[in-house]
Amino acid sequence: MPEEMATTSHAGVYATRVIERRELAKDVVLLRLDAPGLAEATRPGQYVMAIPPSGEAAATALAIYEAEGKRISLLFFIMGRRTQELSALGSGDCLSMLGPLGNGFDCSGDPRDAAIVAGGVGIASVLLCAQALLRARARVRLFYGARTRELVVDAQRFRDAGCDVIVTTDDGTLGMQGMVTDALALAPEPDMIFACGPTPMLRSVARIAADRRVRAQLALEETFGCGVGACWGCVVALAGDSMQAPNFPGAARGGSDIAYARICREGPVFWAHELRW
Amino acid sequence: MVRPSLAVRLGSLELAYPTLMGSGCYGSGAEYAPFADLSKVGAIVLKSVTRAPRLGNAMPRLVHTPAGMLNAIGLQNPGIDWYLERELHKYADRPCKIIGSVAGFSVDDYAFVCERLAARDEIAAVELNVSCPNVDREGATFGCDASLTASVVRAARATTTKPLIVKLSPNVTDITAVAREAEDAGADALGVINTVRGMAIDVERWKPRLANISGGLSGPAIRPIAVLAVYEVAQAVKIPIVGQGGIETVTDALEFFLAGAAAVSIGTANFTDPRIPQRIVEELETYLARRNVASLSEIVGKANVAFSTPHQYEGDEG
Ligand SMILES: Cc1cc2nc3c(=O)[nH]c(=O)nc-3n(C[C@H](O)[C@H](O)[C@H](O)COP(=O)(O)OP(=O)(O)OC[C@H]3O[C@@H](n4cnc5c(N)ncnc54)[C@H](O)[C@@H]3O)c2cc1C
Ligand SMILES: Cc1cc2nc3c(=O)[nH]c(=O)nc-3n(C[C@H](O)[C@H](O)[C@H](O)COP(=O)(O)O)c2cc1C
Ligand code: FES
């Protein structure tokens, strides 16, 4: 098998079935799915491309929130047409998806004291990461920011798993008022940071990590086309010598040593210090 | 019941299935191999390659729009030298035909890249993506000018005997004029159509949604534009047409065949569901069998009056 194909050897098209649909808050939906094969192959930080049952729009990138036994769950905010359509699914309905996709978080470095930073829907990408770190006996602090109290969904799930949960809300209706990165900046230094959320939050996490000389892994989000590395619609600039930089010369931007990597294929998780954004 | 034949010919290029995977939408095929059976695909058209490496446009490069999407990737590619040395050999074991795609910014660019690409055994045919600005003539798009298109085709034709597919831009006043020039200049087949120019604006930030401002619209939104273009081009030329633009189902594909396309290309639909190309091929077989049609070629142009009686253009209604 050519090397380029080997990287996605577990990936495939999976026909899953909805076992449970729960509304965690207004416009926030949790779908629990029977997904044999897919569930077992999933690593923390990976995602699926969910195929809209109507066939009338591009597939949607969604993080794999939980993966246990033969089941996975997806947690998503209703943002537009495609997530609207997915939110209409109920128990027993079929949902086909491509997955598991992307490189995921590297939880192997044996961090003793990990900080996970999640903003808004970014929470969906970090539960598996938290669980893996806890299994490796790390201390895990979750810094979880949302706009308002109602949008802090499923925090108890992380507490039950064994995380220390620090909540922030923009309006102060729950936890500390302010940005989640303010809480991170004030907290004792972790030895590794894992983060997923809106781009401004991730930039801020990257700055804090640089200031404190802590390594950080960021799960990026962008508008995807194919979601599988075929269209080059989802790139981010990396240092040219990054292990994740695609090995090709189109990389050099204006003579500087920068490479555009595909968020869907080389990512979605990147080392903060290698991003040139 | 005998199985209808779906095999098609584009010049000397023989394909087992009438489906091409659109340039820029299917990578090299490896990206889709886990999700689709590449042996049920006619050919994969590779991402367009240029003479020099290109980093491509800044982000955002994509916007989802009603019934389609806008893209402005900016032809990110490693350049022809690196491509030949380090990439192309990996495609040799694909179970379908591989068509190279050439983009350029001067007539000489096209000839240079086409010659090198076509010389390789992995490449069964070459598609010319003429939807690029000509740097020698103040950025006029090659494909929007019949004589410029002809120059590109002649220059490329001189470098190879392999089949040449010229992919026409719909962003023109009269696509048939460009089609005729391309045919006269030596094209073996025509791709009809490439993406339609468009833009989207973010009303919160008062800015264009694409970093490049404008982009190419693809998907079902452009299908009626594409069907008409195929219909008209089919009346203007004798060479086969690869119909494309928003094909998602067998019905969509049939519209193109009936308008006069010999084959179809599927791009954006792969982003919806990579199983679509195989589904189309299977349902096409069923459709033909149900009508006792032995070969797909028998229905090409069947809805096009020019294929039976001389056509008289009477103007659009409404
Ligand atoms: C790797 C990855 C993992 C992800 N994981 C998750 C996850 O676990 N959960 C989750 O909820 N999301 C996740 N996302 C984001 C998710 O993919 C998108 O929210 C989803 O695709 C939105 O699709 P949609 O059709 O519903 O919305 P879209 O129609 O695409 O809209 C998305 C946003 O753009 C705005 N918008 C769209 N068009 C316009 C316009 N014309 N003018 C103004 N605003 C406009 C919408 O209002 C909305 O805010 C992930 C993304 C990636 C890349
Ligand atoms: C993301 C994207 C990238 C594309 N890149 C190229 C390209 O490099 N060269 C080219 O000739 N066409 C390119 N196209 C055009 C497609 O090959 C196809 O002709 C067009 O999208 C219409 O067909 P569709 O609606 O089935 O996608 C691209 C289209 C998309 C959506
Ligand atoms: S979305 Fe197509 S390459 Fe990433």
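Chain naming here is simple, since letters A, B, ... match the order of the sequence lines and numbering starts at 1 in each.
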Rounded to the nearest 0.5 Å, what separates atom CE in B/M59 from atom OH in A/Y260? 8.5 Å
Criterion side chain to side chain contact (heavy atoms under 4.5 Å, CB included) against A/C231, the qualifying member of B/L62, B/T268, B/N71: B/L62
Out of curiosity, A/T223 OG1 to B/M69 CE, how far, rounded to the nearest 0.5 Å? 8.5 Å
Contact part of B/P274 toward chain A, heavy-atom cut-off under 4.5 Å: side chain, backbone, both or neither? side chain
Decide if atom CE of A/M179 counts as having more than 12 heavy atoms of other residues, nucleotides or ligands within a radius under 6.0 Å. no
Of the backbone (N, CA, C, O) and the side chain (C-beta and beyond), which part of B/N57 lies under 4.5 Å from a heavy atom of chain A, both, or neither? backbone
Nearest 0.5 Å, what's the OG1-CE distance between B/T272 and A/M49? 9.5 Å
Among A/G227, A/A59, A/G80, single out the residue with the greatest number of heavy-atom pairs under 4.5 Å to chain B. A/A59
Neighbour count above 12 (heavy atom, 6.0 Å) for A/R71 CZ: no
B/R61 side chain vs A/V235 backbone, donor-acceptor pair below 3.5 Å: no
Determine whether B/H64 and A/R81 satisfy the following criterion, side-chain contact (heavy atoms from CB on, under 4.5 Å), listing intermediate values before the conclusion. CA-CA 10 Å; B/H64 292 278; A/R81 256 195 49 200; over 6 Å; no
For B/R120, is the CZ atom crowded, meaning more than 12 foreign heavy atoms sit under 6.0 Å from it? yes
Interface moiety of B/Y32 toward chain A, non-hydrogen atoms closer than 4.5 Å: side chain
Reported CZ-to-CD distance for the pair A/R262 and B/E31, which is rounded to 0.5 angstrom: 6.0 Å
Please report the closest heavy-atom contact between A/A11 and B/P34, naming both atoms and the distance. O-CB, 3.4 Å
Can you tell me how far apart CD1 (A/I51) and CZ (B/F35) are? Round to the nearest 0.5 Å. 9.5 Å
